[in-house]
Amino acid sequence: MAKLASYRAKRDFTRTSEPKGKATRHKGSSFVVQKHDASRLHYDFRLELDGVLKSWAVAKGPSLVKGEKRLAVHVEDHPLDYADFEGTIPEGQYGGGTVLVWDRGTWEPEGDPHEGYDKGRLTFRLDGEKLHGTWHLIRMAKRPRERQESWLLIKADDAYARTESDADILEEAPLSVKSGRSIEEIAPSPTAKAATRRKAASKKPAATPSKKSASPAKRTTAANTTKASDVEVAGIPLTHPERVLWEEQGLTKQELAEFYASIADWLLPHLVKRPLTLIRCPSGAQKKCFVQRHSWAGMNPAIHRTMVPDTPGELEVLTVSDIQGVIALVQSGVLELHVWGATLADLERPDRLIFDLDPGEGVEWRQVIEGAFSIRERLKALGLVSFVKTTGGKGLHVVVPLKPKAPWKEALAFTRSMAEAMAKDEPDRYTTKSVKNERQGRIFIDYLRNNREASAVAPYSTRSRPGASVATPIAWEELTPDLKPNGFTVKNLGERLAALRQDPWAEIAKVDQVLPEAKRSKRTSQKKGA
């Protein structure tokens, strides 16, 4: 109760729809960033710790530019259910304005988070829908008459960092990850009009009346052209089927749809009824892409929207159940399909674990192969069968099928312990830290994909990269230096599949295995013996 006393004292819950909430003993690792259009637009950055959301108001929002410092003013703790709040706080109330869930996911501190928080120096890794990699929160010295602590939010120099010449993530992905809406769409009409006026005032003068009058004619012509060029693949209409998605290969939207339709029997067993994380590139792989995990306006009904239990409240997930759903995703500009390691039937217990081997600069392909075989041998020593696939990039995924028995917490602990053991045994070859300078000449073993809402590229999904590569399951016997890591593409995968005598992953759904029991500590054993 004391933790949320300040939060509650500032709000009249008979007027605001914000959750009253309560502090809990729940130990989680969620984070959320909320876009907040109050007296001025800012972003509220929140990390779950000790049953509440530790919160900072970031005036300019988070930046992906390495080393760029963003002022973050420490504010009162918020309840966990605030992470799901999206709506408008009435005018006259504390924080009056519109709130949008801009990003969310999980965070993992480096070291003891309580010690870091108390000392005013938190370093942590984010695995969100928009924000990834390592970050720092650093408390500044308090100035005279300063009522609230000032911190700095800084992006670390890692694989996810951008340069000043790269796109701004705030402009690149402005919409809600919860509803797919903008601030203006969430706000009630009067507020939306005011927001529109504010934005319009900061832009160039409106077009002349003569230009405006020409718009309807242009729209009509465009609509007629689109209608005339519509085609269907697997019963799903495609608008602009001629749109080129990979420029170097000249691959069009229609060709991508037909590619997926042709490999449906290979793709669907790894995709159906698994929550999806999508990479949408409406204008093609060379243009702006963004992450989509929730429904959007005009979404085809072949893409299913399901509300599932979550802490707190509910979470919306997207799934498909057939090839029509996949083609509907292509129609919406989806170039990458990423899946959870669990199915809708049991979201709390994974049925697939992933060891993602991501080579740093200077690592040769043969070393990545050796890393995959090393993981395979360690798993085999524990009685676990594993499978392997190329990712369509430079790395490999080692996949462990399971009967859904162990909860996510145990799955993460298992993969973490194995990854850390490899890094400890051969520190010159492997690391579990994503920081760029830690990965030079080493392979980053990413075990954090084994979290409830984390995802990995699906088998047979294309990648939004030059070359139109495809993440491809292979047999362990095929994994040799002669195999190119990104050699399977939309153009040649059909030929490969036609030549296979047997699906290299034919047995993955039949494997009957569970995680080995965690070793008990000596202290636990002594207590039990006493």
Side-chain angles (χ1 to χ4, degrees), residues 1-40 42-59 61-62 70-90 93-126 128 131 135-142 146-154 178 310-313 315:
M1 178 69 180
K3 291 180 181 179
L4 297 177
S6 178
Y7 169 83
R8 290 175 178 165
K10 293 179 177 182
R11 292 163 174 81
D12 180 354
F13 294 103
T14 64
R15 294 191 59 196
T16 180
S17 59
E18 295 167 280
K20 191 173 183 180
K22 60 181 181 180
T24 73
R25 294 182 179 179
H26 170 82
K27 291 185 178 180
S29 57
S30 66
F31 87 89
V32 65
V33 180
Q34 285 161 310
K35 190 174 181 179
H36 190 173
D37 190 10
S39 56
R40 63 180 62 185
H42 66 278
Y43 292 75
D44 294 315
F45 185 85
R46 313 189 196 280
L47 300 174
E48 180 180 351
L49 188 66
D50 294 335
V52 295
L53 293 170
K54 298 294 182 184
S55 300
W56 292 261
V58 185
R70 291 288 167 93
L71 179 64
V73 178
H74 202 334
V75 298
E76 73 278 7
D77 294 344
H78 282 53
L80 294 184
D81 20 357
Y82 206 95
D84 202 46
F85 176 69
E86 187 167 273
T88 298
I89 303 168
Q93 288 293 294
Y94 177 77
T98 304
V99 177
L100 169 156
V101 181
W102 184 77
D103 193 21
R104 59 185 174 187
T106 58
W107 74 290
E108 183 183 40
E110 284 190 9
D112 184 344
H114 301 91
E115 183 180 342
Y117 179 76
D118 291 340
K119 290 184 176 180
R121 190 175 184 88
L122 271 172
T123 296
F124 50 89
R125 174 178 165 133
L126 296 180
L131 302 180
W135 298 73
H136 306 293
L137 263 172
I138 301 172
R139 186 170 58 220
M140 301 170 67
K142 202 166 186 179
E146 190 174 55
R147 291 182 297 172
Q148 295 170 297
E149 295 176 345
S150 292
W151 295 55
L152 295 174
L153 179 64
I154 308 170
K178 177 182 177 182
D310 193 37
T311 304
L315 173 71

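All heavy atoms count here, side chains included; hydrogens, waters and symmetry mates do not. Residue numbers run from 1 in the order of the sequence given. In this text the structure is predicted, and so the values were computed from the model without any measurement.
Salt-bridge check for D84 with R104: passed, with a basic side-chain N closer than 4.0 Å to an acidic carboxylate O.
By the neighbour-count criterion of 12 heavy atoms within 6.0 Å, atom NZ of K10 is densely surrounded, having more than that number from other residues, nucleotides or ligands. In the displayed structure, K119 atom NZ is contacted under 6.0 Å by at most 12 heavy atoms of other residues, nucleotides or ligands.
A donor-acceptor distance shorter than 3.5 angstrom exists from the side chain of H36 to the backbone of G95, with no hydrogens or angles considered. One N or O on the side chain of Q93 and one on the backbone of D12 form a donor-acceptor pair closer than 3.5 Å.
When side chains are defined from C-beta on, E110 does not count as touching R125, because their heavy atoms never get closer than 4.5 Å. When side chains are defined from C-beta on, S150 counts as touching L71, because their heavy atoms get closer than 4.5 Å. For the pair L131/W102, a side-chain contact is recorded, criterion being any heavy-atom separation below 4.5 Å from C-beta on. Looking at heavy atoms from C-beta onward, E108 lies out of side-chain contact with T106 at the 4.5 angstrom threshold. Side-chain contact between L47 and L137: present, with at least one pair of heavy atoms (C-beta onward) separated by less than 4.5 Å. Residues V33 and R46 form no side-chain contact, since every pair of their non-hydrogen atoms from C-beta on lies 4.5 Å or further apart. Contact check for F45 versus R70: no side-chain heavy atoms found under the 4.5 Å cut-off. When side chains are defined from C-beta on, E149 does not count as touching W56, because their heavy atoms never get closer than 4.5 Å.
Below 30°, between 30° and 60°, or above 60°: for H78 and Y82 the angle between ring planes is above 60°, a perpendicular geometry.
Among all heavy-atom pairs drawn from V99 and Q34, the shortest one is CG1-CB, 3.9 Å. Closest heavy-atom contact between D118 and R139: O-NH2, 2.9 Å. The shortest heavy-atom contact between K3 and D77 is O-CB, 3.7 Å. Across all their heavy atoms, A83 and V101 have their closest contact at O-CG2, 3.8 Å. Looking at every heavy atom in both residues, S17 comes nearest to T88 through OG-O, 4.4 Å. Heavy atoms only, all atoms of each residue included: Y7 and P19 are closest at OH-O, 2.5 Å.
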- CA sep, side-chain torsions, deciding dist, call: R11, E76, salt bridge (charged side-chain N to carboxylate O under 4.0 Å, His left out): CA-CA 12 Å; R11 292 163 174 81; E76 73 278 7; 3.2 Å; yes

- Test side-chain contact (heavy atoms from CB on, under 4.5 Å) applied to E48 and L53, step by step: CA-CA 4 Å; E48 180 180 351; L53 293 170; 4.0 Å; yes

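Taken to the nearest 0.5 Å, the CG atom of L122 stands 11.0 Å off from the CG atom of L153. One distance of note links CZ of R15 with CD1 of I89; it measures 12.0 Å at 0.5 Å rounding. Between the NZ atom of K35 and the OG1 atom of T98 there is a distance of 11.0 Å, given to the nearest 0.5 Å.
In this structure, the ring of H74 has its center less than 6.0 angstrom from the ring center of Y117.
Screening W135, F124, F31 for a ring pair (Phe, Tyr, Trp, His ring centres under 6.0 Å) involving W107 leaves a single residue, F124.
The side-chain hydrogen bond (donor to acceptor under 3.5 Å, both in side chains) search around T123 returns H136, not counting sequence neighbours.
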